[in-house]
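Order of appearance sets the numbers: ligands from 1, and atoms from 1 within every ligand. Starting from 1, each residue takes its place in the sequence as its number.
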Amino acid sequence: MTAPPPNPWILEIDAYVPGRTEQPGVETVAKLSSNESNLGASPAAIAAAQAAAAVPHRYPQSDSRDLRRAIGEAHGLDPERIICGTGSDEILTLIGRAYAKPGDAVIYSRNTFAMYEIIAHAVGAEAVEVPDKELIADVDGILAAVTPKTRIVYLANPNNPTGTYLPAREIERLAAGLGDAVILVLDAAYAECVDAADYEPGLALCDARDNVVMTRTFSKLYGLAGLRVGWGYLPRAMADAVNRVRNPFNVSAPALAAAAAAVKDLAHLAEVRAHTLHWRNWLAAEARALGLEPVPSQTNFILLRFPDTETKSAAACDRYLAGRGYFVRRFADEDLRNYLRISVGTEDENRGVMALVGEFLDGPPA
Ligand SMILES: *Cc1c(COP(=O)(O)O)cnc(C)c1O
């Protein structure tokens, strides 16, 4: 028997490769490979999720209305223009499904979040990768890549895995250059980590333009990655379109309850943010002291460049760390093969990983 073939464009998808989380025979000491909050979630969010999990036979709100109201209050936004999803991945995917089809093109920057390419292929659109400039998205390059087929530009700001960002005036220039015919999706998954004064997650543009969307997540500083909650802020007509392709009941009840509590727990968020900024700078300073080059980061991770030698390479360091229970992220892409990405962890995890990196660089060939 042979099964009917899938849509041919589906076969273009290279499955998402998550960060390493275990090594057979090695006890895990620190998981610094997925940019989670290593400080955990708000206790109020955990309690709310537990209470909701005790009522599993009831469907959640089909349209996440209580969470949308809580997000709206916290950020000063119209809840009617907010859509919640199972992670911001779902919002990014729904936008692709609503606006791109076979024959269209979807643009994103090189060395960015892998989901944009997956989404483009999933809807049968052409995936157009625009080279970046020293690991920073290139607005002129993106604008030059636009053709009449272009429907969506996805831009992570700040970007993963580079940690770099574009200032508000560059994003405005991008939006102005795209005009009305192309949707600009600003993926602000790391907005809570930014301390650059010239950064803006995209709210003003979403209000000023009918084709600009901002997405956010509870997976990073809010510490709810396992529950899968994210949201988007969309122009009214776009929210209407995206809601048509959204499944009802898409966010589970424990996830909704936890996120609504988390968005109100400003003290917890402030504590995690202060920790993240402090240790991000510490990791970069330690790396420089070891002779490595950290890429300037506005996120909850740092990207470190290793020597391009056999014995002191990023790949060799990754193996050295994994053998000792420290999991970080390395990349197969040619541009990033000399780099490792290390998420901010607890104080012990941060000190532990940099001590091992130092040991690796000083020691004999592993
Ligand atoms: C982590 C991350 C997300 C968040 O994905 P969720 O589905 O909300 O967990 C989105 N975009 C980027 C660039 C990320 O790094």
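- Backbone and side-chain nitrogen or oxygen atoms of Y116 are examined, and none is located within less than 3.5 angstrom of a nitrogen or oxygen of ligand 1.
- Atoms of ligand 1 lying under 4.0 Å from any heavy atom of K220, numbered from 1 in the order shown and given with element: 1 (C), 2 (C), 3 (C), 4 (C), 14 (C), 15 (O).
- Taking the charged nitrogens against the carboxylate oxygens, K133 and D140 have no contact shorter than 4.0 Å, which rules out a salt bridge.
- Any N or O atom pair closer than 3.5 Å counts here, and T86 shares no such pair with ligand 1.
- Heavy-atom contacts of R228 reach the following atoms of ligand 1: 6 (P), 7 (O), 9 (O) (cutoff under 4.0 Å).
- For the pair R341 and Y339, the cation does not sit on the ring face, since its NZ or CZ is not both under 6.0 Å from the ring centre and inside 45° of the axis.
- Near N160, meaning under 4.0 Å from one of its heavy atoms, ligand 1 places the atoms 13 (C), 14 (C), 15 (O).
- One finds a salt bridge joining R244 and D240 here, because a Lys/Arg side-chain nitrogen approaches an Asp/Glu carboxylate oxygen to under 4.0 Å.
- Using a 4.0 Å cut-off between charged side-chain N and carboxylate O, D308 and R337 make a salt bridge.
- Counting the atoms of ligand 1 from 1 in the order shown, those under 4.0 Å from a heavy atom of G87 are 6 (P), 7 (O), 8 (O).
- Those atoms of ligand 1 that come under 4.0 Å of a heavy atom in A189, given as number and element, are 2 (C), 3 (C), 10 (C), 11 (N), 12 (C), 14 (C).
- Between Y108 and F113, the distance separating the two ring centers is not shorter than 6.0 angstrom.
- Using a cut-off of 4.0 Å between Lys/Arg side-chain N and Asp/Glu carboxylate O, E129 and R110 are scored as salt-bridged.
- Taking a 4.0 Å cut-off on heavy atoms, D187 registers as neighbouring ligand 1.
- One finds no salt bridge joining K264 and E73 here, because no Lys/Arg side-chain nitrogen approaches an Asp/Glu carboxylate oxygen to under 4.0 Å.
- Counting the atoms of ligand 1 from 1 in the order shown, those under 4.0 Å from a heavy atom of Y190 are 1 (C), 14 (C), 15 (O).
- Looking from atom 4 (C) of ligand 1 to the surrounding protein, the closest heavy atom is S88 OG, 3.3 Å.
- Close approach of ligand 1 to S219 (heavy-atom distance below 4.0 Å) involves ligand atoms 6 (P), 8 (O), 9 (O).
- Separation of atoms OG1 (T162) and CD (Q298) is listed at 11.0 Å; rounding is to 0.5 Å.
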